[in-house]
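Input: a single structure, listed below in structure tokens.
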Amino acid sequence: MAISFEIKKKCKNTAARTGRIDTPHGSINTPVYMPVGTQATVKAMTPRQVEEAGAEIVLGNTYHLYLRPGHETVKKAGGLHKFMAWDKPILTDSGGFQVFSLGAIRKITERGAEFSSHLDGSKHMLTPEKAMSIQEALGADIIMAFDECTEYPAEYEQVLAAMERTHRWAQRCKDAKSRDDQALFGIVQGGMFPELRKKSAKEIADMDFEGNAIGGLSVGEPKDIMNDMLDITAPLLPESKPRYLMGVGSLDYIIDAVARGIDMFDCVLQTRVARNGTALTKRGKLVIRNAKYAEDFTPIDDKCTCYTCRNFTRAYIRHLIKANEILASTLLSIHNVQVTIDFIKEIRESIQNGDFLEYKNEFFANYNV
RNA sequence: GGAGGGAUUCCCGAGUGGCUAAAGGGAGCAGACUGUAAAUCUGCCGUCGACGACUUCGGUGGUUCGAAUCCACCUCCCUCCA
């Protein structure tokens with residue numbers, strides 16, 4: 001086994017739990033938020049800043065790194081950790097999400113997905129086997145099965161077909177995997193259909209991956225539906241292995257999912273909205289770009305201990321945004337990543353202390369969507 | 001003193017008789033963003049009691065059914081010649 005997962009404390013009132021994942025590059029405390037560094041960089045942040053924000057693990061992406069600079073180049077560099085100067089754990093996504101997000105320029109067959117590169121239009125075939133070999137070349141601690149993420153809304157037949165293909169591809173990923181110092185996670189699909197979600201969760205669980213992910217959620221469906229899907233899916237995934245909700249999310253989504261037994265999260269929201277002038281806080285979002293902050297000489301959040309909040313005001317950050325200065329992206333990214341990590345740390349502490357439910361209720365009492 | 005050219009909505013800048021409240025860009029304002037084709041995208045951007053009305057294109061007067069667009073004079077700016 002490439003990783004080990006230990007549950008430390010379980011909530012009495014919900015399915016929430018705390019734990020620790022040990023990987024070849026160190027330990028991760030769960031629940032965990034993983035900043036996304038698609039192209040071997042968490043956009044606008046240095047690895048030092050990512051680390052100082054409290055990140056214990058970051059993501060990379062198979063599709064993007066395969067196209068540029070090329071996984072062989074990363075391998076020659078000594079692997080992704082060394083290449084990007086991040087010696088803590090890394091998880092790479094398989095390219096399954098690009099099957100979804102690049103829907104218009106890709107074609108799916110049983111063999112795999114054929115993409116027209118978004119960079120130069122050239123054609124590339126990503127198969128489960130290829131996704132495994134790329135991820136083995138990149139050398140992340142946790143790698144993901146190549147899945148087919150379906151859009152919302154979608155017809156039952158279409159979701160069923162994608163789900164079944166995802167299961168077949170999951171097995172092929174397992175069969176193709178050759179390195180034993182990387183943990184492979186399977187991915188549950190099934191759209192918003194309870195029966196398909198159940199079926200998918202059971203089948204993926206039965207394949208005995210080292211961890212299990214739930215994909216295909218937070219793709220535009222109402223939050224209630226997503227939570228319903230989690231209620232159905234999470235309990236069917238083995239308790240003894242990490243559960244990873246892919247692509248989520250905002251603070252309110254995270255805490256709801258933790259209550260349903262999710263241990264791992266990743267999301268681009270933090271760094272993306274940062275680059276678009278928005279700060280996340282435990283009380284809701286602040287569009288620092290807005291005129292009302294022009295002469296607001298207070299920190300984004302006076303309780304936040306991040307580098308940005310310790311040193312800069314809303315007015316200054318707004319000025320940087322308006323002046324199109326790159327530091328705006330950096331300062332807001334630092335804050336958004338840390339606020340999410342600090343939040344999830346508080347969640348861990350509340351679970352540990354046995355008052356998670358109270359913490360959750362208090363959070364929602366103060367949170368403005 | 002003479003000869004040309006020009007003044008357009010916050011800025012730059014199209015527009016030379018009706019399809020023009022006036023292209024486009026910038027600035028400004030707001031919204032979106034959830035396994036990153038994103039430092040992106042979308043909307044608003046003369047005024048108002050606003051699916052309609054009213055006032056605008058240096059100023060004044062005129063031609064015309066109708067003018068930012070044509071004419072006269074005036075004001076200011078630029079270039080060239082003395």
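Chain naming here is simple, since letters A, B, ... match the order of the sequence lines and numbering starts at 1 in each. No hydrogens, no waters, no symmetry mates; every other heavy atom, side chains included, goes into these values. What you see is a predicted model; the values in this text were computed from it and never measured.
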Where along residues 170-199 of chain A does a heavy atom fall under 4.0 Å from RNA chain B? A:Ile187, A:Gln189
Whole-angstrom distance between B:rA68 and B:rA23, as gauged at atom P: 15 Å
With both distances under 3.5 Å as the test, what is the Watson-Crick or G-U wobble partner of B:rG31? B:rC41
Distance check, P atoms only: B:rC45 and B:rA21, in whole angstrom units. 15 Å
Opposite nucleotide pairing with B:rU47, Watson-Crick or G-U, both atom distances under 3.5 Å: B:rA53
Pairwise C1' distance, B:rG18 and B:rA27 [rounded to whole Å]: 33 Å
Please report the interatomic distance CD1(A:Ile225) to OH(A:Tyr152), rounded to the nearest 0.5 Å. 4.0 Å
Enumerate the residues from residues 259-283 of chain A whose closest heavy atom to RNA chain B is under 4.0 Å, giving them by residue number; use none for an empty result. A:Asp266, A:Cys267, A:Val268, A:Leu269, A:Thr271, A:Arg272, A:Val273, A:Arg275, A:Asn276, A:Thr278
Are A:Glu129 and A:Arg172 close enough for a salt bridge, meaning some N to O gap below 4.0 Å? yes
Partner nucleotide, any strand, of B:rC10 [Watson-Crick/G-U, under 3.5 Å]: B:rG26
Side-chain donor-acceptor pair under 3.5 Å between A:Asp147 and A:Gln189, yes or no? yes
Can you tell me if A:Gln171 and A:Asp175 form a side-chain donor-acceptor pair at under 3.5 Å? yes
One thing to verify: whether A:Glu136 and A:Arg179 come together as a salt bridge, which I'm taking to mean a side-chain N less than 4.0 angstrom from a carboxylate O. no
For atom C1', what is the distance between B:rG28 and B:rG61, given to the nearest Å? 38 Å
Interface with RNA chain B, restricted to residues 130-143 of chain A and to heavy atoms under 4.0 Å: none
What do you reckon, is NZ of A:Lys223 surrounded by more than 12 foreign heavy atoms closer than 6.0 Å? yes
Short of 4.0 Å, heavy atom to strand atom, which residues of residues 20-42 of chain A count as contacting RNA chain B? A:Val36, A:Thr38
Could you identify which residues of residues 205-215 of chain A place a heavy atom less than 4.0 Å from some atom of RNA chain B, listed by residue number, or say none? none
Distance, C1' atom - from B:rA50 to B:rU55, rounded to whole angstrom: 15 Å
Which is true for A:Lys285 with a 4.0 Å heavy-atom rule: it touches a base, it touches only sugar-phosphate, or it touches nothing? sugar-phosphate
Ion pair present between A:Glu346 and A:Lys282, side-chain N to carboxylate O less than 4.0 angstrom? yes
Ring geometry between A:Phe97 and A:Phe100 (parallel below 30°, tilted from 30 to 60°, perpendicular above 60°): tilted
As a quick check of understanding, evaluate ring-ring contact (aromatic ring centres under 6.0 Å, His included) for A:His124 and A:Phe115, giving each step before the final call. CA-CA 5 Å; A:His124 299 271; A:Phe115 294 91; 8.7 Å; no
Interatomic distance at P, B:rG52 relative to B:rC33, whole Å: 33 Å
Testing A:Asn13, A:Asp256, A:Val258, A:Ile347 one by one against A:Lys360 for a side-chain contact (heavy atoms from CB on, under 4.5 Å), which residue passes? A:Asp256
Taking any strand in view, what nucleotide pairs with B:rU60 in a Watson-Crick or G-U wobble way, both distances under 3.5 Å? B:rA72
Take atom CG of A:Asp87 as the centre, draw a 6.0 Å sphere, and report whether it contains more than 12 heavy atoms from other residues, nucleotides or ligands. no
If I pick the P atom on B:rC78 and the same atom on B:rU69, what distance separates them, to the nearest angstrom? 24 Å
Apply side-chain contact (heavy atoms from CB on, under 4.5 Å) to the pair A:Ser4 and A:Ile21, showing each step before the final yes or no. CA-CA 6 Å; A:Ser4 63; A:Ile21 301 171; over 6 Å; no
Reading RNA chain B from 5' to 3', where do the contacts with chain A start and stop? Cut-off is 4.0 Å to heavy atoms. B:rG28 to B:rU40
What's A:Asp147 touching, base or sugar-phosphate or nothing? Going by heavy atoms closer than 4.0 Å. base
Of A:Lys322 and A:Tyr253, the one whose nearest nucleotide on RNA chain B sits closer to the 5' end is A:Lys322
Looking only at side chains, do A:His64 and A:Gln39 share a donor and an acceptor under 3.5 Å apart? no
If we count only N and O atoms by modelled type, under 3.5 Å, do the side chains of A:His118 and A:Tyr63 hold a donor and an acceptor together? yes
Pairing partner (Watson-Crick or G-U wobble, both distances under 3.5 angstrom) of B:rU79: B:rA3
Stepwise, does the ring-ring contact (aromatic ring centres under 6.0 Å, His included) test hold for A:Phe343 with A:Phe363? CA-CA 10 Å; A:Phe343 171 65; A:Phe363 167 78; 4.9 Å; yes
Mind running ring-ring contact (aromatic ring centres under 6.0 Å, His included) on A:Phe312 and A:Tyr307 for me, showing each step along the way? CA-CA 8 Å; A:Phe312 306 97; A:Tyr307 171 73; 5.6 Å; yes
Side chain to side chain donor-acceptor pair (under 3.5 Å) evaluation trace for A:Asp141 with A:Gln182: CA-CA 5 Å; A:Asp141 302 273; A:Gln182 294 181 297; over 6 Å; no
Residue pair A:Gln49 / A:Ser333, side-chain donor-acceptor N/O under 3.5 Å: no
Rounding to an integer number of angstrom, what distance separates B:rC57 and B:rG13 when you compare their C1' atoms? 13 Å
For A:Asp22 and A:Ser27, test the side chains for any donor-to-acceptor distance below 3.5 angstrom and give the result as yes or no. yes
